[in-house]
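These notes are about the structure you will find just below.
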Amino acid sequence: MADTDRTDAARAQKAAGLSLLAGPVLYRPDAAGELRIDRAEMLRYLGHAGQKVDGELSERIEGIAREIEQTVDPHGVIQAFPVDATGVDEVGMPCIHLTGTTIELRGRDIFRHLKDASACAVVACTLGMGTERRLRLLSGQRPLDAALYDAAASAYVESAVDAMEHIVRREAAAAGRACTWRFSCGYGDCPLAAQDAIVASLNAGRLIGLTTTPTHLLLPSKSVTALIGIIDGTDATERSGERPSCAICNLRGDCAFRAHGTTCYA
């Protein structure tokens, strides 16, 4: 057996026992779970920094939030892949490769995040094109409601990804493993370009209708991809480094959240 074959076999054996390695797992909210929009998160997306919200605006916020909860159906896909942290990119810098995919994750921040992981759960979630159409309609008719809808939709997709992350953590715990925090392309120096391979490797276009634009943005726009490292040992949760901070963000110099005294990860 060649050395590379032995390495791949050893890596697969190390990651074995994770049900998420077997194939894609589709996500839809459990009706009994009543996935909800975090109203505080919605206000944060609106740039709220403690100002008083009057009764009329509060009612409009609540009405938009309930509309989305009742009419929008988040859907997503999760699959785990073994991590190969031994490779380098074309300029000789370490990079992460997810075995069995075309996903190569470049940058020091994502390398630190996943270098100790035996597997990585790749997550993609979208609210679908219906939200795009509704947002365009509101933008032309009721700009304030459009702003509220945009913030509510952003908060809702985050709630759905939180639920998907819970699935990953539950499955990892069942296999005697721990998880890192959730990392997305665009954090730190991990380029957005990696989203193309993430979407393709999850077959997300066919499974949930998620694609990328020529500039590597997600379409529909109310969508999220994320990477969660799975590390051997239940005491290993923080071995991948610190949680998100403004210090690793490329947008920290021109950030609307920071301008209002908050952060995107609070």
Side-chain angles (χ1 to χ4, degrees), residues 27-76 123-166 169 181-188 192 217-226 228 242-266:
Y27 166 80
R28 288 287 177 89
D30 181 356
E34 295 184 348
L35 185 69
R36 286 177 53 80
I37 293 170
D38 184 330
R39 272 48 171 184
E41 183 81 351
M42 179 181 171
L43 286 172
R44 195 168 60 83
Y45 278 113
L46 288 166
H48 183 261
Q51 308 96 316
K52 183 178 180 180
V53 178
D54 65 36
E56 181 182 353
L57 179 57
S58 180
E59 289 180 6
R60 292 179 79 167
I61 289 171
E62 186 63 23
I64 291 290
R66 287 183 178 177
E67 175 190 338
I68 289 180
E69 290 170 343
Q70 293 168 6
T71 63
V72 176
D73 181 23
H75 40 292
V123 173
C125 183
T126 184
L127 299 188
M129 287 302 296
T131 56
E132 302 285 304
R133 292 188 290 270
R134 179 62 171 155
L135 189 54
R136 283 197 298 269
L137 180 65
L138 288 173
S139 296
Q141 297 179 343
R142 304 197 300 274
L144 175 57
D145 284 350
L148 299 179
Y149 191 95
D150 184 75
S154 295
Y156 200 40
V157 74
E158 285 295 327
S159 292
V161 176
D162 286 344
M164 295 175 72
E165 181 178 356
H166 178 73
R169 291 185 177 279
W181 51 271
R182 196 166 79 220
F183 197 110
S184 289
C185 300
Y187 287 2
L192 281 175
L217 299 177
L218 297 173
L219 188 67
S221 63
K222 296 307 178 184
S223 304
V224 173
T225 62
I228 303 169
E242 296 181 357
R243 295 183 68 83
S245 74
C246 297
I248 71 166
C249 181
N250 292 329
L251 300 177
R252 61 185 177 274
D254 186 27
C255 175
F257 288 113
R258 283 163 60 86
H260 289 93
T262 184
T263 64
C264 68
Y265 57 86

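All figures in this text were calculated on a predicted structure; none of them were measured in a lab.
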Side-chain heavy atoms of [X] within contact of [Y], under 4.5 Å:
{"X": "Ile61", "Y": "Leu43", "result": "yes"}
{"X": "Ser223", "Y": "Val157", "result": "no"}
{"X": "Arg39", "Y": "Ile37", "result": "yes"}
{"X": "Glu165", "Y": "Ile228", "result": "yes"}
{"X": "Met42", "Y": "His48", "result": "no"}

What are the two closest non-hydrogen atoms of [X] and [Y], and how far apart are they?
{"X": "Cys125", "Y": "Val161", "value": "CB-CG2, 3.7 Å"}
{"X": "Ala163", "Y": "Tyr27", "value": "CB-OH, 3.5 Å"}
{"X": "Ile64", "Y": "Ala152", "value": "CG2-CB, 4.1 Å"}
{"X": "Cys185", "Y": "Leu192", "value": "O-CD2, 3.6 Å"}
{"X": "Met129", "Y": "Pro220", "value": "SD-CG, 3.5 Å"}
{"X": "Pro74", "Y": "Pro29", "value": "O-CD, 3.1 Å"}

Can you name the residues that form a side chain to side chain contact (heavy atoms under 4.5 Å, CB included) with Arg136, not counting sequence neighbours? Glu132, Arg133

Restricting to pairs with a member in residues 139-161, which pass salt bridge (Lys or Arg N to Asp or Glu O under 4.0 Å), not counting sequence neighbours? Arg60-Asp145, Arg142-Asp145, Asp150-Lys222, Glu158-Arg182

Going through the checks in order, is the side-chain contact (heavy atoms from CB on, under 4.5 Å) test met by Leu218 and Thr126? CA-CA 9 Å; Leu218 297 173; Thr126 184; over 6 Å; no

Is the backbone of Ala146 close enough, under 3.5 Å, to the side chain of Ser139 for a donor and an acceptor to pair up by distance? no

Tell me whether Thr225 contacts the main-chain N or O of Ala124 through its side chain, where contact means a donor paired with an acceptor under 3.5 Å. no

Rounded to the nearest 0.5 Å, how far apart are [atom1] of [X] and [atom2] of [Y]?
{"X": "Glu56", "Y": "Glu59", "atom1": "CD", "atom2": "CD", "result": "7.5 Å"}
{"X": "Thr131", "Y": "Tyr149", "atom1": "OG1", "atom2": "OH", "result": "5.5 Å"}
{"X": "Leu46", "Y": "Leu57", "atom1": "CG", "atom2": "CG", "result": "8.0 Å"}

Salt bridge or not between Arg66 and Glu69? Use side-chain N to carboxylate O under 4.0 Å. no

